[in-house]
Amino acid sequence: MARRKKRKPYCLWCKRELHKSDAPGGLAFTKDHIYLRSLGGGKWYPCCRACNSVKADLTPEEWDRFREKHPRWWTLYPRTARQIGGFDV
């Protein structure tokens, strides 16, 4: 029986291939809770350090608005979306 090749993880948001979690830079693997755990969000998705840091504590709706205004949002790392602004209605 053929062994299944393990798929490499990709960031949920920017779709770039993730590196090991201890790797330096913005492409290190992190876990993004779409909704904050404090708001009942328990499920996590693979996310690069850059996107997870920029997204910070935004809700999915705020994050969608921010990404519309900043098409290359991952280049803004290490700043957060709240520091940059541009997600308010």
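When a residue number appears, it is its place in the shown sequence, counting from 1. These numbers were taken from a predicted model, which means no experiment stands behind them.
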Decide yes or no for [X] and [Y]: does some side-chain heavy atom of the first lie under 4.5 Å from some side-chain heavy atom of the second?
{"X": "D57", "Y": "R82", "result": "yes"}
{"X": "R67", "Y": "W13", "result": "yes"}
{"X": "P46", "Y": "Y10", "result": "no"}
{"X": "V54", "Y": "W63", "result": "yes"}
{"X": "Y45", "Y": "N52", "result": "no"}
{"X": "L12", "Y": "I34", "result": "yes"}
{"X": "C14", "Y": "W73", "result": "yes"}

Do the side chain of [X] and the main chain of [Y] share a donor and acceptor less than 3.5 angstrom apart?
{"X": "E62", "Y": "T59", "value": "yes"}
{"X": "T75", "Y": "R72", "value": "yes"}
{"X": "D32", "Y": "W44", "value": "no"}
{"X": "R49", "Y": "S21", "value": "yes"}

Grab the two heavy atoms, one from [X] and one from [Y], that are nearest each other, plus how far apart they are.
{"X": "C47", "Y": "C11", "result": "CA-SG, 3.9 Å"}
{"X": "Y77", "Y": "A50", "result": "CD1-CA, 3.5 Å"}
{"X": "A81", "Y": "L58", "result": "CB-CD1, 3.4 Å"}
{"X": "E68", "Y": "P71", "result": "O-CD, 4.3 Å"}
{"X": "L27", "Y": "C48", "result": "CA-CB, 4.0 Å"}

Rounded distance [0.5 Å steps], NE2 in H70 versus CZ in R65: 12.0 Å

At what distance, to the nearest 0.5 angstrom, does OG1 of T80 lie from CD of Q83? 3.5 Å

Are W74 and F66 in one and the same hydrophobic cluster, where Ile, Leu, Val, Met, Phe, Trp and Tyr link if side-chain heavy atoms are under 4.5 Å apart? yes

